[in-house]
Amino acid sequence: MLALSALPFLKPVHLRSPRSSRRGQRRSEFRCLSPEDAVSVFEIEREAFISVSGDCPLHLDEIRHFLNLCPELSLGWFEEGRLVAFIIGSLWDQDRLSQAALTLHKPLGTAVHIHVLAVHRTFRQQGKGSILMWRYLQYLRCLPFARRALLMCEDFLVPFYQKCGFEALGPCQVTVGDMAFVEMQHPVRGHAFMRRNSGC
């Protein structure tokens, strides 16, 4: 497992927040999530998704499952010690996602399946989702086994992920109830360059 603190772009940084006073700044930290973070993750996810789609991409036991199996493929954004946004991923070993990708982690896979990205309601509309995704993709470039990132999303989220550099692959084979998804991918390039120039 790689420690995020060893990577320069994931070390704790001080970022000015729109909610900060002019004299003060919020202390921000990006780090891998642990099973102890599962409840905080689920509370943010439940609020973010149930109002929109009626269901969560991951339930609490599934969050714990992935944070136990592959915590190095998660990333949390903490402000003053409080989780404000997160990504949870796992490895996948096929070209396209299938129903099994919702629950499996394939340790020999080269595709990182991004299960969920969510931002706490009081921190939305501040660009945090885009910033967190950028940091996550930079981190993946330092993982020697990662070749691409995959995700599935509803139609209305396609423009957001396209702005993050993802391309649509077409309809996803995975369905949840009567919901249909678009599958998207982002190549993870420049492994040697990134390792040589970013301390990976």
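Since this is a predicted model, take the numbers as computed values, not measurements.
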Chemist: Quick check: do L102 and V174 have side-chain heavy atoms less than 4.5 Å from each other?
Modeler: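 Heavy-atom side-chain distance check passes, below 4.5 Å.
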Chemist: How far apart are the C-alpha atoms of R147 and V188, what are their side-chain angles, what is the distance that settles it, and do they pass the side chain to side chain contact (heavy atoms under 4.5 Å, CB included) test?
Modeler: CA-CA 5 Å; R147 295 291 177 263; V188 177; 5.7 Å; no
Chemist: Would you call D37-R64 a salt bridge at under 4.0 Å N-O?
Modeler: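 Salt bridge: no.
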Chemist: Distance from H65 atom NE2 to C70 atom SG, nearest 0.5 Å?
Modeler: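 With rounding to 0.5 Å, NE2 (H65) is 7.5 Å from SG (C70).
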Chemist: Are V112 and L150 packed together at the side-chain level, in the sense that at least one heavy-atom pair is separated by less than 4.5 angstrom?
Modeler: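 They are not in side-chain contact.
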Chemist: Minimum heavy-atom separation for A38 to L60, with atom names?
Modeler: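 Heavy atoms of A38 and L60 come nearest at O-CD1, 3.6 Å.
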Chemist: How close do A149 and L137 get, heavy atom to heavy atom, and via which atoms?
Modeler: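 Where A149 meets L137 most closely, the heavy atoms are CB-CD2, 4.1 Å.
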Chemist: Of all the heavy-atom pairs spanning D155 and P159, show the shortest one and how long it is.
Modeler: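 Residues D155 and P159, closest heavy atoms: O-CD, 3.7 Å.
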Chemist: Just wondering, do F160 and S130 contact through their side chains at under 4.5 Å, heavy atoms?
Modeler: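 They are in contact (side-chain heavy atoms under 4.5 Å apart), so the answer is yes.
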Chemist: Could you tell me whether H115 and F66 have their ring centroids closer than 6.0 angstrom?
Modeler: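 Under 6.0 Å, so yes.
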Chemist: To the nearest 0.5 Å, tell me how far M184 CE sits from C172 SG.
Modeler: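 It comes to 11.5 Å.
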Chemist: Mark yes or no for whether T110, through its side chain, and A146, through its backbone, hold a donor-acceptor pair below 3.5 Å.
Modeler: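 Looks like no, no N/O pair under 3.5 Å.
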Chemist: Between T122 and R82, what is the shortest heavy-atom contact and its length?
Modeler: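 Nearest pair, atom of T122 first, then R82: OG1-NH2, 4.0 Å.
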Chemist: Are any non-hydrogen side-chain atoms of L33 and F86 less than 4.5 angstrom apart?
Modeler: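 They are in side-chain contact.
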Chemist: Could you state the interatomic distance from OG (S28) to CH2 (W77), rounded to the nearest 0.5 Å?
Modeler: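 Result: 6.0 Å between the selected atoms.
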Chemist: List for me each residue that meets side chain to side chain donor-acceptor pair (under 3.5 Å) alongside E183, sequence neighbours excluded, and say none if there are none.
Modeler: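 Counting only residues at least two positions away or on another chain, E183 forms a side chain to side chain donor-acceptor pair (under 3.5 Å) with R96.
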Chemist: With sequence neighbours excluded, give me every ring-ring contact (aromatic ring centres under 6.0 Å, His included) pair touching residues 162-183.
Modeler: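 Sorted result for residues 162-183: Y161-F166, F166-H186.
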Chemist: Taking the side chain as every heavy atom from C-beta outward, state whether V182 and E154 have any pair of such atoms under 4.5 Å apart.
Modeler: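 V182 does not reach E154 side chain to side chain.
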Chemist: Salt bridge or not between E167 and R148? Use side-chain N to carboxylate O under 4.0 Å.
Modeler: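 No, no charged N to carboxylate O under 4.0 Å.
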Chemist: Looking at CZ of F30 and CD of Q138, how far apart are the two atoms once the value is rounded to the nearest 0.5 Å?
Modeler: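 If we round to the nearest 0.5 Å, F30:CZ and Q138:CD are 12.0 Å apart.
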Chemist: Any side-chain heavy atom of L73 sitting closer than 4.5 Å to one from I88?
Modeler: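 Counting from C-beta outward, L73 and I88 never come under 4.5 Å.
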Chemist: Roughly how far, to the nearest 0.5 Å, is CD1 of I87 from CE of M133?
Modeler: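 The CD1 atom of I87 is 4.5 Å from CE of M133, to the nearest 0.5 Å.
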Chemist: Looking only at heavy atoms, which two atoms of W92 and S98 are closest? And how far apart?
Modeler: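 What the structure gives for the nearest pair is CZ2-OG, 3.3 Å.
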Chemist: Step by step, work out the side chain to side chain contact (heavy atoms under 4.5 Å, CB included) result for V158 and C153.
Modeler: CA-CA 7 Å; V158 168; C153 65; 3.9 Å; yes
Chemist: Are L97 and Q173 close enough that some pair of their side-chain heavy atoms sits under 4.5 Å apart?
Modeler: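 SC-SC contact between L97 and Q173 ruled out.
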Chemist: Report the C-alpha separation of L75 and C32 in whole Å, then their side-chain angles, then the decisive distance to 0.1 Å, and conclude whether the side chain to side chain contact (heavy atoms under 4.5 Å, CB included) test is met.
Modeler: CA-CA 5 Å; L75 182 60; C32 289; 6.0 Å; no
Chemist: For the residue pair H105 and L69, establish whether any side-chain heavy-atom pair is separated by less than 4.5 Å.
Modeler: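 H105 reaches L69 side chain to side chain.
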Chemist: Using only atom types and a distance under 3.5 Å, with no angle test, would you say the side chain of E62 pairs donor to acceptor with the backbone of H59?
Modeler: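 Answer holds: yes.
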Chemist: When rounded to the nearest 0.5 angstrom, what distance separates CD in Q185 from CG in L151?
Modeler: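 If I round to the nearest 0.5 Å, the distance is 10.0 Å.
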Chemist: Among all residues two or more places apart in sequence or in another chain, which pass the side chain to side chain donor-acceptor pair (under 3.5 Å) test with E36?
Modeler: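 Counting only residues at least two positions away or on another chain, E36 forms a side chain to side chain donor-acceptor pair (under 3.5 Å) with S34.
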Chemist: Please lay out, stage by stage, how I114 and Y136 fare under the test side chain to side chain contact (heavy atoms under 4.5 Å, CB included).
Modeler: CA-CA 10 Å; I114 299 172; Y136 188 73; 3.9 Å; yes
Chemist: How close do A48 and A118 get, counting heavy atoms only, and between which atoms?
Modeler: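 Looking at all heavy atoms of both residues, the closest pair is CB-CB, 4.3 Å.
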Chemist: Is there a continuous path of hydrophobic side-chain contacts, each under 4.5 Å between heavy atoms, that joins L108 to F145?
Modeler: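 Different clusters: L108 never reaches F145 through Ile, Leu, Val, Met, Phe, Trp or Tyr contacts under 4.5 Å.
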